[in-house]
A.B. asks: 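Quick one: structure below, then a few questions.
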Amino acid sequence: MKRKWDFVKTPGEWIGITCIGMSLISVLMMYIQQCNYWNDVVELFCLGGGLLLTYKEGIWAKVLAGTFYFIFIVFIIGEFI
């Protein structure tokens with residue numbers, strides 16, 4: 001019998017799901033508070049997506065995870081420049 005959360009097997013995947021959820025909540029808070037911090041939303045989403053896809057099988061999952069990590073690093077470096 002397959003359970004609902006069987007696709008999540010590692011702690012990294014749980015952290016990834018949490019990061020994606022936090023980015024969606026951040027979008028809602030931006031709408032409510034009428035403020036703009038899209039950089040943080042993109043960083044959270046890319047970190048979560050990368051962590052979630054790192055442990056999946058298949059070349060496209062690895063390529064997409066690497067792309068998410070690259071975007072995350074670019075946005076982090078962009079905050080300090």
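Not measured: the values here are computed from a predicted model. Values reported hereafter were calculated over all heavy atoms of this structure, with side chains retained and with hydrogens, waters and symmetry mates removed.
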A.B. asks: Which residues satisfy the side chain to side chain contact (heavy atoms under 4.5 Å, CB included) test with I25, sequence neighbours excluded?
C.D. replies: M29

A.B. asks: Would you give me the side-chain donor-acceptor pairs under 3.5 Å for residues 30-49, sequence neighbours excluded?
C.D. replies:
from : atom 1 : to  : atom 2 : distance (Å)
Q34  : NE2    : Y31 : O      : 2.8
N36  : OD1    : W38 : NE1    : 3.4

A.B. asks: To the nearest 0.5 Å, how far apart are CZ in F75 and CZ in F80?
C.D. replies: 14.0 Å

A.B. asks: Hey, could you give me the CD1/CG distance between I17 and L51, rounded to the nearest 0.5 Å?
C.D. replies: 10.5 Å

A.B. asks: Taking 4.0 angstrom as the limit, do K56 and E13 come out as a salt bridge?
C.D. replies: yes

A.B. asks: Between A65 and G50, what is the shortest heavy-atom contact and its length?
C.D. replies: CB-O, 3.8 Å

A.B. asks: List, by chain and then residue number, the residues other than Y55 in its hydrophobic cluster (Ile/Leu/Val/Met/Phe/Trp/Tyr, side-chain heavy atoms under 4.5 Å); write none if there are no others.
C.D. replies: none

A.B. asks: Taking atom CZ of F72 and atom SG of C19, what is their separation to the nearest 0.5 Å?
C.D. replies: 8.0 Å

A.B. asks: Pairs in or reaching into residues 63-72: which pass side chain to side chain donor-acceptor pair (under 3.5 Å), with residues at least two apart or in two chains?
C.D. replies: T54-Y69

A.B. asks: Atom CD of residue position E57 - does it have more than 12 heavy atoms of other residues, nucleotides or ligands inside 6.0 Å?
C.D. replies: no

A.B. asks: Can you sort out the partners of I77 under side chain to side chain contact (heavy atoms under 4.5 Å, CB included), two or more places apart, ordered by chain and number?
C.D. replies: I73, I81

A.B. asks: Keeping to residues at least two apart or across chains, list the side chain to side chain donor-acceptor pair (under 3.5 Å) pairs with something in residues 16-28.
C.D. replies: none

